[in-house]
Enquirer: 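Below you will find the structure I want to go over with you.
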Amino acid sequence: MPSSTPLPIANRFIQSIEPTPLVAVQLSPEEPRIWCKLEFLNPSGSTKDRIARYMLEKAWRQGRIKAGSRVVEASSGSTSIALALACAQMDLKFTAVLPEGVSSERVWIIRAYGGDIEFVPKAAGILGAMKRAEELECEQGAFFTRQFENKDNPESHRVSTAQEILHQVPNGMVDALVSGVGTGGTLIGLHQGLSEEGCPVKPFLALPVKSEHQFELECCSFSSRIPGVVDGLSRLYKEADLPDLVEIEVIDELALQAAKRLIRKGFPVGPSSGLNYAAAALAAKQLPPDATIVTVFPDRMERYFSTELFSEYVVS
Ligand code: PMP
């Protein structure tokens, strides 16, 4: 039944999230120019603010949540941070189910916004977290946002991010779109939104591959070096229609180096931005020199201070 109570976002800033900038980045004269959507400038520091707000507003309108309801999500971090902030603004309670081993910064931020955290063992991974979130949905009557299958996730990018990009690129035309996939919401929604507006955009999947060094580490560590980008888990992605998708493999070491180079140039990004940028630079080799290539910088660097991205700066 649709809710009769108005959405509790009047006078709260998530009501008026500004478009994020799209900037042309060329790290050196030898490298291609890539149009990068600075999604780390969203209020919680990641692109996930868009899906958090969209999924919750839709659920509110449908009468599935109201003030005081509990929301639950299984996420490796960014979505949980975005939901924790959105729930704080909308008078909702929030539980994040996280696999052990996510960076401490993520835990601190979620708790600071008043969110609760339940951990599942690291080995259970995001699948284990999803199972536990389902249990919480039943036990507590919580609203499970289900980012891996909720169509409002790509929809939020189709109606907001894609439209912003179309207004920001020269001539309103995009030739190629490059993104890593967690839920797939970004790649699917942007591809849909841009195609519908008449851009024959070619999708490229940025795929992190493990360096040999990482294979050696694997026996004692399950952690991915590119948090947020997970393979083969998303129902949204499995069922997506992405014709002519081209996979671009990027060694994880190269992705981290790209993130560090971007930070040096003043873009405060996390590892997945390095992955996307490195993949876009490789995609450029398959495209005409004047192609308009768009990618996304999904989140901010501060949530990775305790990770290897910053290990060389640690004061001992
Ligand atoms: N980068 C980061 C940091 C993320 O958290 C995510 C999503 N979990 C992605 C990239 C991938 O985005 P999407 O879920 O839209 O595929």
Side-chain angles (χ1 to χ4, degrees), residues 20 36-42 44-55 73-85 96-99 102-103 105-106 109-110 125-126 129-130 145-158 160-162 177-193 203-208 223-240 242 245 250 252 255-256 258-259 262 267-280 295-304 307 309:
T20 57
C36 302
K37 188 80 171 137
L38 307 189
E39 287 293 281
F40 59 80
L41 290 175
N42 280 300
S44 84
S46 90
T47 192
K48 295 295 181 178
D49 283 317
R50 296 182 190 262
I51 75 165
R53 184 186 161 192
Y54 199 84
M55 292 190 299
E73 183 54 283
S75 137
S76 61
S78 292
T79 305
S80 291
I81 292 174
L83 280 167
L85 181 146
V97 187
L98 306 177
V102 298
S103 73
E105 293 86 341
R106 289 165 185 247
I109 299 169
I110 293 164
I126 198 75
M130 284 154 84
T145 37
R146 286 194 159 74
Q147 60 164 344
F148 289 96
E149 51 195 80
N150 189 335
K151 295 208 163 67
D152 291 332
N153 167 358
E155 180 74 6
S156 71
H157 290 290
R158 187 178 76 80
S160 70
T161 331
L177 171 67
V178 185
S179 176
V181 159
T183 64
T186 310
L187 190 60
I188 299 164
L190 286 184
H191 183 261
Q192 269 178 3
F204 288 86
L205 168 67
L207 208 57
S223 65
S224 159
R225 299 177 87 187
I226 318 292
V229 180
V230 280
D231 202 14
L233 283 180
S234 170
R235 188 192 292 181
L236 281 172
Y237 187 66
K238 280 182 202 146
E239 293 174 359
L242 289 163
L245 180 74
V250 181
D252 53 17
L256 288 174
L262 288 165
F267 295 97
V269 296
S272 64
S273 302
L275 169 75
N276 284 353
Y277 184 83
T295 194
V296 174
F297 288 169
D299 73 348
R300 288 188 72 85
M301 68 177 185
E302 286 86 349
R303 59 193 63 173
Y304 300 99
T307 73
L309 189 60

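Indexing begins at 1, ligand by ligand and atom by atom, following the structure's order.
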Enquirer: Would you give the length of the straight line joining atom CD of Glu155 to atom OG of Ser160, rounded to the nearest 0.5 angstrom?
Expert: 9.5 Å
Enquirer: Would you say Asn153 and ligand 1 have an N/O pair spaced under 3.5 Å apart?
Expert: no
Enquirer: For ligand 1, which is the ligand I care about here, please tell me if Thr186 has any N or O atom under 3.5 Å from one of the ligand's N or O atoms.
Expert: yes
Enquirer: Look at atom 3 (C) of ligand 1 and say which protein heavy atom is nearest, naming residue and atom and giving the distance to 0.1 Å.
Expert: Asp299 OD2, 3.2 Å
Enquirer: Is there a heavy atom in Tyr304 that sits closer than 4.0 Å to ligand 1?
Expert: yes
Enquirer: Could an N or O of ligand 1 be found under 3.5 Å from any N or O of Gly184, whether backbone or side chain?
Expert: yes
Enquirer: What protein heavy atom lies closest to atom 4 (C) of ligand 1? Include the residue and the distance to one decimal.
Expert: Gly228 CA, 3.5 Å
Enquirer: Which residues pass the side-chain contact (heavy atoms from CB on, under 4.5 Å) test with Ala82, sequence neighbours left out?
Expert: Ser44, Lys48, Asp49, Ala52
Enquirer: Look at the rings of Phe297 and Phe267 and say which category their plane angle falls in: under 30° parallel, 30 to 60° tilted, over 60° perpendicular.
Expert: perpendicular
Enquirer: Looking at Ile226, is its backbone amide N or carbonyl O close enough to the side chain of Ser272 to form a donor-acceptor pair, meaning the two atoms are under 3.5 Å apart?
Expert: no
Enquirer: To the nearest 0.5 angstrom, please state how far the NE2 atom of His191 sits from the CZ atom of Arg158.
Expert: 13.5 Å
Enquirer: Out of Leu190, Val269, Thr183, Leu187, who gets a non-hydrogen atom closest to atom 13 (P) of ligand 1?
Expert: Thr183
Enquirer: Would Asn42 and Glu39 count as a side chain to side chain donor-acceptor pair (under 3.5 Å) if you check the C-alpha gap in whole Å, the side-chain angles of each, and the deciding distance to 0.1 Å?
Expert: CA-CA 6 Å; Asn42 280 300; Glu39 287 293 281; 3.1 Å; yes
Enquirer: When rounded to the nearest 0.5 angstrom, what is the spacing between CE in Met301 and CG in Leu309?
Expert: 9.0 Å
Enquirer: Mark the output for Pro227 as yes if a heavy-atom distance to ligand 1 is under 4.0 Å, and as no if none is.
Expert: yes
Enquirer: Please confirm whether Val181 approaches ligand 1 to less than 4.0 Å, judged on its heavy atoms.
Expert: yes
Enquirer: Looking only at protein heavy atoms, identify the closest one to atom 5 (O) of ligand 1 and say how far it is in Å.
Expert: Ser78 OG, 3.1 Å
Enquirer: Using side chain to side chain donor-acceptor pair (under 3.5 Å), reason through Gln147 and Thr183 one step at a time and then give a plain yes or no.
Expert: CA-CA 7 Å; Gln147 60 164 344; Thr183 64; 4.8 Å; no
Enquirer: Under 4.0 angstrom from ligand 1, any heavy atom of Lys48?
Expert: yes
Enquirer: Should Ser272 be counted as touching ligand 1, given the test is an N or O pair under 3.5 Å?
Expert: yes
Enquirer: Supply the atom-to-atom distance His157 NE2 to Leu190 CG, rounded to the nearest 0.5 angstrom.
Expert: 6.5 Å
Enquirer: Regarding ligand 1, does Gly182 bring an N or O atom to under 3.5 Å of one of the ligand's N or O atoms?
Expert: yes
